[in-house]
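A, B, ... follow the sequence lines: proteins, then strands. Residue 1 opens every chain.
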Amino acid sequence: MGQNADYHSTVSKQYRQLLKQCKVNLDRNDQELPAAAEDFGELLKERGVSRRAFIKWTSLMTGALMLPPIFKPALARAAEQFSRVPVVWLHFAECTGCSEAFLRTSYPGVADILLDTISLEYHETIMAAAGDQAEKCLEQCLHDFPGKFLCVIEGAIPLGNNGKYMRLGPKGKTGVEIAKEVTSKAAATICIGSCSAFGNIPAAKPNPTDCVGVSKAIGVHTINIAGCPPNPVNFIGTILHYLMFRDVPPLDGLGRPVWAYGKRIHDYCERRAHYDGAEFVQQWGDEGAKHGWCLYKMGCKGPYTYANCSQVRFNDGISWPIMAGHGCIGCTEPGFWDTMAPLEKQIHEDTFGGGQATIDTIGTTLLGVTAAGIAVHAAATACRHRDNKSETK
Amino acid sequence: MEHIVPKKEWTVAIRYNHWLMAAAIFVLIASGLYIAYPVNLSFSDKITEMHDIIFWHILTGICLTFLFVWRVYLMFFSRFHADWKDFFAWMNIKNSLKQVKFYLLISKEPPEHTHLYGPLQSVAYGGLLIMVALIVLTGLILTGAAGYKAGLTGIMYTMVRPVERLMGGLASVRLIHHFLSWGFVLFIMVHMYMAFWYDVIFKEGTVSSMISGVVFRKAHK
Ligand code: HEM
Ligand code: HEM
Ligand code: SF4
Ligand code: SF4
């Protein structure tokens with residue numbers, strides 16, 4: 001008991017110290033960051049986000065970042081500073097789905113305001129400038145905020161043909177060149193989506209352009225917000241963490257923030273009780289599906305996928321794939337398009353060599369062949385060694 | 001004149017190890033099959049069938065892990081016969097060819113008994129131990145991922161987790177695990193057949209030797 005109390009007081013002391021440091025950091029940010037274009041409080045009012053909704057959101061984010069409630073006010077301050085961080089958003093081999101998912105959500109919430117007002121110094125999809133002008137914007141940013149801006153990258157980088165499969169801008173620079181130039185001046189590089197994190201769909205077999213993820217392409221450390229598309233909560237949370245602690249959050253072996261990618265989908269899935277109880281949907285639309293049973297047999301890849309979708313869901317917690325009735329496809333894992341295939345079947349139903357053969361059909365065939373082989377061998381032995389009584393020494 | 005001399009072939013430790021391993025492998029194949037193709041058995045009021053079977057699979061898997069470590073220990077440090085050298089019997093190519101001919105019934109002359117294992121046996125048992133190592137490795141990664149990572153399993157998980165990345169993620173780990181389990185099914189068939197075959201051909205009591213530890217060699221006086 002006494003030990004327990006000791007433990008708690010030590011922990012809360014550590015948290016209080018951390019909070020103090022956090023306040024120092026936020027004060028420093030206030031001085032160093034460029035001024036905000038719009039007042040955050042005004043914005044919230046304008047968009048009809050009540051004070052109460054904002055506080056609810058801070059609780060959610062504080063919890064998602066695995067911080068105790070005393071950090072809520074600090075997090076609220078970080079949210080105010082959010083739109084003051086200069087960001088350069090680069091696009092390489094991708095479908096722009098991540099940008100779409102982030103910037104065009106229909107549900108008005110705090111997250112959307114943050115993403116709408118994010119200080120994009122450069123973003124090819126939504127910037128007004130084009131051609132030389134756009135290039136100028138980028139150069140300006142690198143000049144104005146060296147070592148201060150965040151580089152956000154969407155999309156994989158093709159290495160094939162000396163990187164020439166991807167040429168961008170008026171000067172026709174390759175993706176590799178641009179990535180090297182910009183990341184070398186950035187305070188940190190955040191990879192948005194599995195494409196920039198691990199290569200993903202552009203890198204799926206047979207990968208003719210030899211696409212790879214950013215960190216592999218140019219050998220820099222990146223914060224990988226994996227997903228196809230990733231959850232905006234994970235992007236916002238990582239930047240808030242960066243503001244509050246002036247450091248990147250702890251990352252796993254694949255560069256993903258542990259607070260968001262530390263647990264499997266399966267670990268917090270609402271259908272998990274049905275998995276443990278062996279209650280499975282056997283067919284789309286069957287009785288089990290109506291009862292909300294587990295989608296394991298319909299190819300759910302939740303057991304192999306590290307992400308927090310089952311905890312924070314999408315669009316302000318409205319829903320997420322498994323809640324909507326489809327299994328997880330494992331989009332936050334490296335090479336998911338290949339390793340998680342077939343997406344609507346169990347993992348062992350993967351086929352080999354372009355045919356119909358799965359592990360189990362191959363195994364069963366071999367089993368038959370072995371049995372036949374044994375029978376033949378036994379019969380042959382019976383003939384051949386018929387006369388042997390004491391042949392061996 | 002010819003008479004039969006019993007020869008101690010397997011130590012007590014090897015025999016216990018072998019049969020415990022065999023038992024563990026049978027349990028693991030059965031429970032693993034269930035995990036891959038789960039059905040609602042409704043064998044009790046408890047509604048945690050899948051969970052329970054995974055639990056027993058993992059528990060047996062951890063036993064297999066220890067049995068494997070024990071076997072490797074015996075291989076190098078057995079006080080009676082550290083047999084690691086015997087796993088290289090196949091290096092004698094001439095003898096190996098003799099063995100192949102003998103197995104294929106081309107020749108009736110068995111290869112010389114140079115090592116504890118015949119040349120092909122050394123490949124089979126060596127390969128099998130490697131397969132056990134791999135299935136234990138992938139199994140431990142899956143165990144840690146399934147949330148069993150406190151204490152000892154936690155230490156083991158920290159050690160094996162980097163391999164998850166090398167294999168290309170948890171899904172690939174699971175697929176390789178499934179793949180290997182087929183290897184065991186096929187191995188057992190051949191392994192048991194060969195044991196009986198030896199028994200019939202040499203009449204040295206090969207099958208019982210794994211229980212009693214003794215083979216009956218014929219000796220000329
Ligand atoms: C001969 C030995 C073994 C066989 C034949 C075997 C077989 C299997 C099979 C067929 C599966 C299902 C794979 C799928 O769904 O495609 C499985 C899953 C699994 N096995 Fe094994 N296994 C063996 C050894 C082990 C060992 C040594 C461990 C751990 C130390 C282990 C831990 C696991 C775990 C954790 C799972 C996943 C269960 C989950 O979904 O949470 N297995 N095994
Ligand atoms: C018919 C009865 C069997 C006999 C006579 C037999 C005999 C043997 C022998 C002589 C060895 C080599 C000794 C050694 O290296 O320790 C061996 C190895 C092995 N056996 Fe069997 N076996 C039998 C059944 C089985 C079954 C049913 C299984 C599995 C379910 C099995 C699994 C193994 C394994 C995993 C090894 C290699 C590991 C090792 O080298 O210790 N055996 N067996
Ligand atoms: S991660 Fe997915 S959504 Fe994002 S750009 Fe790549 S393919 Fe599109
Ligand atoms: S639906 Fe998927 S994630 Fe959820 S319990 Fe079933 S297998 Fe796990």
A/Phe336, part contacting chain B, at a heavy-atom distance under 4.5 Å: neither
Min side-chain heavy-atom separation B/His178-A/Ile347 under 4.5 Å: no
Heavy-atom closest pair, residues A/Thr339 and B/Ser172: CG2-OG, 3.6 Å
Atom group of B/Ile35 that falls short of 4.5 Å from chain A, counting heavy atoms: both
Pick from A/Arg264, A/Glu333, A/His274, A/His266 with the largest number of heavy-atom pairs that fall under 4.5 Å of chain B: A/Arg264
Residue-level interface, residues 140-150 of chain B with chain A, non-hydrogen cut-off under 4.5 Å: B/Ala145, B/Ala146
Euclidean distance, B/Leu170 CG relative to A/Lys301 NZ, rounded to 0.5 Å: 13.0 Å
A/Trp337 atom CH2, neighbour heavy-atom count above 12 within 6.0 Å: no
Aromatic plane relationship, B/Tyr193 with A/His377 - under 30° parallel, 30 to 60° tilted, over 60° perpendicular: perpendicular
Close side-chain approach of A/Lys297 and B/Tyr37, heavy atoms under 4.5 Å: no
Nearest atoms (heavy-atom pairs only) where B/Leu186 meets A/Gly363: CD2-O, 4.4 Å
CH2 (B/Trp56) with more than 12 external heavy atoms under 6.0 Å: no
Contacting moiety of B/Phe179, where chain A heavy atoms sit under 4.5 Å: both
B/Arg165 (side chain) donor-acceptor with A/Gly253 (main chain) under 3.5 angstrom: yes
Heavy-atom pair of closest approach, residues B/Trp182 and A/Thr364: CH2-N, 3.7 Å
Segment of A/Asp338 engaging chain B (4.5 angstrom heavy-atom cut-off): neither
Heavy-atom closest contact (B/Ala171 atom, A/Met340 atom, distance): CB-SD, 3.8 Å
CD1 on A/Ile374 to CE on B/Met192, rounded to 0.5 Å: 9.5 Å
Check: A/Tyr275 ring centroid to B/His51 ring centroid under 6.0 Å: no
Side-chain (B/Glu49) to main-chain (A/Asp276) donor-acceptor, under 3.5 angstrom: no
Gap separating the CG atom of B/Leu175 from the NE2 atom of A/His348, nearest 0.5 angstrom: 9.5 Å
Per-residue contacts, residues 153-163 of chain B versus chain A, heavy atoms under 4.5 Å: B/Tyr157, B/Arg161
Distance in Å, B/Ser181 OG paired with A/Ile359 CD1, rounded so as to fall on 0.5 Å steps: 7.5 Å
